[in-house]
J.: 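Here it is, the structure in full.
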Amino acid sequence: MAPVRLELTARLCEQLGLFDRPGVSVVGAEPADDELLTTVHDRAYVEAVKAASADPRQAQEVFGLGTEDDPAFPGMHEAAARIVGGSVDLGRALVAGRVRHGVNFTGGMHHAKPGCASGFCVYNDAAAAIVAMLREGAERIVYVDLDCHHGDGTEAAFWDDPRVLTVSVHESGTTLFPGTGFADELGGPGALGSAVNLALPARTGDAGWLRAVHAVVPPLVRSFAPDVLVTQHGCDTHGLDPLGHLQVSVDAQRVAAASMHALAHEASGGRWLALGGGGYEVVDVVPRTWAHLVAEASGQPLAPGTPVPVAWRDHVREAFGREAPATMSDGAPATFTGWESGYDPDDAVDRAVLATRRAAFPLHGLDPDFD
Ligand SMILES: [Zn+2]
Ligand SMILES: [Zn+2]
């Protein structure tokens with residue numbers, strides 16, 4: 001989770017010219033204030049983060065701080081609050097119609113809970129942006145989480161809220177943190193069906209992952225007809241990621257980003273807030289995946305074979321003493337067969353997809369076998 005992954009991503013976007021494209025603005029963000037943070041977090045927790053931020057020795061484990069996953073560091077409150085500020089600003093600009101799409105690849109901190117830090121996440125910017133958009137007039141929002149890990153914190157924030165549908169596609173909790181996110185986790189009694197979970201087997205590759213994402217996400221988003229589509233693009237699904245056990249390529253992530261973009265135009269009036277998330281292979285995976293995301297949101301996706309700028313590769317060599325990838329592709333075809341081709345009971349991915357469709361689709365008036 002070292003900030004270098006963000007620095008490398010921004011530098012790659014810059015050197016690919018993505019920030020200079022017509023219609024693209026790069027905007028700064030101020031740290032969210034307490035009023036904003038307490039829309040999704042307990043005041044006592046925010047105070048605990050501030051205390052740990054001022055003096056890391058004050059970190060309290062009861063709030064998940066000072067732990068192996070969420071070590072305390074000076075300035076952690078401001079850093080985490082600034083991520084929230086960025087996502088909230090973009091959400092408000094989307095609802096007000098000032099921008100069509102927003103990308104905050106520093107965001108997507110989906111494990112943070114109301115009262116504690118979790119899984120490298122301190123403040124949940126995705127939840128705060130969704131709350132802010134609801135307050136500013138959005139009536140229905142879909143949050144799609146493509147991170148390797150279950151988007152448990154964001155899901156919990158809206159567990160009983162029928163206005164927000166959260167859909168998380170991730171490696172099964174039987175093999176990965178946080179151990180939740182199964183097909184039968186569907187939301188609270190006031191909002192049954194407002195949480196949807198697809199738990200994929202470890203080692204799922206491009207074809208299975210893309211088939212699964214497309215078998216579940218588009219039908220639900222179309223049927224829910226949100227005012228805004230929020231997507232989390234954690235790229236710890238990659239085969240090189242040191243934490244997750246999926247085998248998704250940069251190319252497949254690129255295809256998924258394009259699908260989310262198209263879906264926003266089709267189902268949410270084009271209002272699309274795209275966030276980063278996990279991703280711990282900081283040279284080969286994170287920068288290229290999120291540069292593709294930025295390019296996609298700018299309206300002009302980068303061809304997979306686009307060369308990685310020499311200046312960026314030189315920087316990587318100097319800073320890390322290793323070679324950077326030569327192109328924006330892993331060379332993977334990133335093709336898949338759609339669900340309409342039929343269900344294969346011998347395929348573990350298909351069984352996972354069908355479990356989710358059977359559990360969730362009827363709650364949305366959809367047919368698990370045919371929609
Ligand atoms: Zn993750
Ligand atoms: Zn667009």
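Counting starts at 1 for both ligands and their atoms, following the listed order.
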J.: Say whether, by atom type as modelled, one donor and one acceptor occur between the side chain of His101 and the main chain of Arg271 under 3.5 angstrom.
T.: no

J.: If the threshold is 4.0 Å, N to carboxylate O, is there a salt bridge linking Arg211 and Asp350?
T.: yes

J.: Quick one: does any side-chain atom of Ser25 pair with a main-chain N or O of Val27 as donor and acceptor, under 3.5 Å?
T.: no

J.: Please name the residue in the list Asp147, Asp152, Thr166, Leu275 that meets the side-chain contact (heavy atoms from CB on, under 4.5 Å) test with His110.
T.: Asp147

J.: Inside 2.8 Å of the Zn ion (ligand 2) but strictly below it, how many protein N/O/S atoms are present?
T.: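 Near the Zn ion (ligand 2), the number of protein N, O or S atoms below 2.8 Å is 3.
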
J.: Tell me whether Arg317 at atom CZ has more than 12 heavy atoms from other residues, nucleotides or ligands lying less than 6.0 Å away.
T.: yes

J.: Measure the acute angle between the ring planes of His170 and His150, then classify it against the limits of 30° and 60° as parallel, tilted or perpendicular.
T.: tilted

J.: Counting only heavy atoms not in Arg21, do more than 12 fall under 6.0 Å of its CZ?
T.: yes

J.: With 2.8 Å as the limit, jot down which protein N, O or S atoms are around the Zn ion (ligand 1).
T.: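 Sorted hits: Asp147 OD1, His149 ND1, Asp236 OD2.
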
J.: Is any side-chain N of the basic residue among Glu7 and Arg11 closer than 4.0 Å to the acidic one's carboxylate O?
T.: yes

J.: State whether Asp227 and Arg163 are salt-bridged, where the test is any N-O pair (Lys NZ or Arg NE/NH1/NH2 against Asp/Glu carboxylate O) under 4.0 Å.
T.: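 Salt bridge flag = no for Arg163 with Asp227.
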
